[in-house]
Asker: 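What follows is a single structure, and I will ask about it in a moment.
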Amino acid sequence: MLVLGIESSCDETAAAIVTEDRRILSNVIYSQTTEHEAFSGVVPEVAARAHLEKIDFVTEKAVANAGISLADLNAVAATCGPGLIGGVIVGATFAKAMALSLTKPFLAINHIEAHALCARLTENVNFPYLLLLASGGHCQICLVFAIDDFEVIGKTLDDSVGESFDKVAKMMLLGYPGGPIVEKMSQNGDPTTFNFPRPLCKKNSMDFSFSGLKTAVRIALEKLEYIDDARKADVCASFQRAVEDILSYKMEAALCLCKSKNISPDAVVISGGVAANKAIRDKIQRICHKYGMKFSAPPIHLCTDNAAMIAWNGVEKLLMQRRDSLNFRPRPQWALGEKF
Ligand code: KG4
Ligand code: ZN
């Protein structure tokens with residue numbers, strides 16, 4: 001089985017071909033970083049236009065790199081939400097047109113479900129598993145019982161964790177996207193310089209709040225008499241340490257909750273762009289070790305947005321005999337597991 005996946009929900013135009021036996025035959029990503037850099041964030045209209053310009057080239061390349069012809073495909077899957085609606089419409093319409101012309105099934109993929117299932121593409125992870133989904137748009141902890149059966153046990157009450165990395169980077173004019181830059185700067189800083197808050201870490205709750213942490217960083221920066229690279233590195237390291245502590249505290253609380261409810265997850269999985277952060281991966285891995293749990297995370301290049309995870313979600317749906325209508329309406333909002 002060969003599935004073409006198409007991703008266009010934010011600032012990556014991507015196409016990939018994946019097989020049912022978990023081989024990634026091609027994985028092409030055009031990143032729009034240069035288009036958005038000057039704005040320190042993604043501009044939806046600019047993103048939609050760039051997707052439109054690049055989508056056919058990226059898809060052709062994915063087919064060529066896989067060494068297959070279009071007729072070999074068994075289905076076409078595309079992100080149909082949640083995301084910036086202009087870009088989602090570009091990818092979804094392109095994929096529908098391909099499916100229609102090839103007379104192959106079309107699969108409407110929920111972008112966050114694709115992040116959530118991505119670990120099953122690269123490792124042997126069985127249901128149920130405990131998931132931390134930490135990306136630019138989301139931060140939630142859930143139990144994954146099946147490909148479209150999720151129980152959310154904790155979520156952010158305000159910003160997502162990736163957004164807080166991006167905002168902290170923006171405050172120091174470090175560039176976009178902020179996560180990888182803050183992670184890199186942290187390595188030269190002292191994480192004990194600033195004692196940033198760890199919101200909601202005293203309560204036995206799995207919910208997150210990042211806006212107070214972000215404000216604390218802003219206030220600390222305002223109080224500094226001067227700011228050079230060394231100071232920025234200390235801010236990054238202290239912020240990064242706070243995020244590591246928050247995420248690992250919450251995952252430990254979630255593991256305790258599973259135990260009290262007699263749920264035995266097969267693994268603890270982290271996914272989404274923030275899961276590319278090595279220190280966060282290491283810290284959560286250490287928690288897993290303490291509890292004798294299997295730890296799993298997609299390889300770093302599959303944590304951030306890509307189409308291999310979309311194609312894989314398509315494979316999982318196709319194996320369950322699922323199909324979607326060509327009338328499927330792209331959705332700017334679409335919660336995990338939400339039916340329509
Ligand atoms: O999953 P993703 O590519 O897009 C969404 O679905 O949102 O996540 C992008 C987010 C951005 O906020 C980016 O700053 C963050 O993931 N990110 C990181 C790292 N790499 C990307 N955050 C922390 N450390 C990283 N190494
Ligand atoms: Zn994403």
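Note that ligands are numbered from 1 as they come in the structure, with each ligand's atoms numbered from 1 the same way. FYI, the numbering just counts along the sequence from 1.
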Asker: So does D148 pair up with R322, basic N to acidic O under 4.0 Å?
Answerer: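 Looking at R322 together with D148, the answer is yes, because their closest N to O distance falls below 4.0 Å.
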Asker: Using distance alone, decide if ligand 1 has a nitrogen or oxygen within less than 3.5 Å of any nitrogen or oxygen in P177.
Answerer: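 Checking ligand 1 against P177, no N or O pair falls under 3.5 Å apart.
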Asker: Using a strict cut-off of 4.0 Å, indicate which atoms of ligand 1 neighbour a heavy atom of H115.
Answerer: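 Listed by number with element: 1 (O), 6 (O).
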Asker: Is NZ or CZ of R120 both nearer than 6.0 Å to the six-membered ring centre of F127 and within 45° of the ring axis?
Answerer: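 Judged by the rule, R120 and F127 form a cation-pi pair.
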Asker: Can you confirm, on distance only, whether ligand 1 has an N/O atom lying under 3.5 Å from any N/O atom belonging to D166?
Answerer: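 Right, the criterion is met.
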Asker: Would you check if there is a donor-acceptor pair between the side chains of D305 and H115 at a distance under 3.5 Å?
Answerer: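 The answer is yes; a qualifying pair exists.
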Asker: Please list, one pair per line, the donor and acceptor atoms closer than 3.5 Å that link side chains of residues 220-229 to other protein atoms, with sequence neighbours excluded.
Answerer:
{"residue": "E222", "atom": "OE2", "partner": "R218", "partner atom": "NH1", "Å": "3.0"}
{"residue": "D228", "atom": "OD1", "partner": "A230", "partner atom": "N", "Å": "3.3"}
{"residue": "D228", "atom": "OD1", "partner": "R231", "partner atom": "N", "Å": "2.9"}

Asker: Looking only at protein heavy atoms, which one is nearest to atom 21 (C) of ligand 1, and what is the separation?
Answerer: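 Going atom by atom, the protein heavy atom closest to atom 21 (C) of ligand 1 ends up being G273 O, 3.4 Å.
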Asker: Do I109 and E113 come within less than 4.5 Å of each other through their side chains, counting heavy atoms only?
Answerer: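 They are not in side-chain contact.
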Asker: Sort by chain and number the protein N/O/S atoms that are closer than 2.8 Å to the Zn ion (ligand 2), and list them.
Answerer: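 H111 NE2, H115 NE2, D305 OD1, with waters left out.
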Asker: Can you tell me the protein heavy atom closest to atom 3 (O) of ligand 1 and the distance?
Answerer: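 Minimum-distance protein heavy atom for atom 3 (O) of ligand 1 reads D305 N, 2.9 Å.
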Asker: Answer yes or no: does atom CG of D149 have more than 12 heavy-atom neighbours from other residues, nucleotides or ligands under 6.0 Å?
Answerer: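 Count over threshold, so yes.
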Asker: Strictly under 6.0 Å, is that where the ring centroids of F239 and F165 end up?
Answerer: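 Yes: the rings meet the under 6.0 Å criterion.
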Asker: In ligand 1, which numbered atoms sit nearer than 4.0 Å to a non-hydrogen atom of E183?
Answerer: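 So the atoms of ligand 1 that pass are 25 (C), 26 (N).
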Asker: Given the rule that I, L, V, M, F, W and Y join up when any side-chain heavy atoms are under 4.5 Å apart, are F57 and V28 in one cluster?
Answerer: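 Looking at the clustering, V28 is in the same group as F57.
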Asker: Test: salt bridge (charged side-chain N to carboxylate O under 4.0 Å, His left out). Region: residues 48-63. Which pairs qualify, not counting sequence neighbours?
Answerer: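 Salt bridge (charged side-chain N to carboxylate O under 4.0 Å, His left out) check on residues 48-63 returns E45-R49.
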Asker: Take atom CZ of R22 as the centre, draw a 6.0 Å sphere, and report whether it contains more than 12 heavy atoms from other residues, nucleotides or ligands.
Answerer: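 More than 12 heavy atoms, drawn from other residues, nucleotides or ligands, come within 6.0 Å of this atom.
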Asker: For atom 24 (N) of ligand 1, what is the closest protein heavy atom, and at what distance to 0.1 Å?
Answerer: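 So the nearest neighbour among protein heavy atoms is N277 ND2, 3.0 Å.
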Asker: What atoms of ligand 1 come within less than 4.0 Å of a heavy atom belonging to G162?
Answerer: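 Listed by number with element: 12 (O).
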Asker: Short list, please: which atoms of ligand 1 are under 4.0 Å from a heavy atom of H111?
Answerer: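 Heavy-atom distances to H111 below 4.0 Å select 6 (O).
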Asker: May I ask whether P180 places a heavy atom under 4.0 Å from ligand 1?
Answerer: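 Yes, that is the case, since the closest heavy atom of the residue is under 4.0 Å from the ligand.
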Asker: Please collect all side chain to side chain donor-acceptor pair (under 3.5 Å) contacts where either partner lies in residues 262-275, sequence neighbours excluded, each pair once.
Answerer: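 Sorted result for residues 262-275: D266-K294.
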Asker: Any nitrogen or oxygen of G179, main chain or side chain, under 3.5 Å from a nitrogen or oxygen of ligand 1?
Answerer: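 Min N/O separation from ligand 1 is below 3.5 Å for G179.
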Asker: Any nitrogen or oxygen of G137, main chain or side chain, under 3.5 Å from a nitrogen or oxygen of ligand 1?
Answerer: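 Yes: some nitrogen or oxygen of G137 is under 3.5 Å from one in ligand 1.
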Asker: By the definition salt bridge (Lys or Arg N to Asp or Glu O under 4.0 Å), identify the one residue from K283, R286, K250, R281 that meets it with E244.
Answerer: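 Considering K283, R286, K250, R281, a salt bridge (Lys or Arg N to Asp or Glu O under 4.0 Å) with E244 is found only for K283.
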Asker: Considering only protein heavy atoms, which is closest to atom 10 (C) of ligand 1, and at what distance to one decimal place?
Answerer: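 The closest heavy atom on the protein side is G136 N, 3.4 Å.
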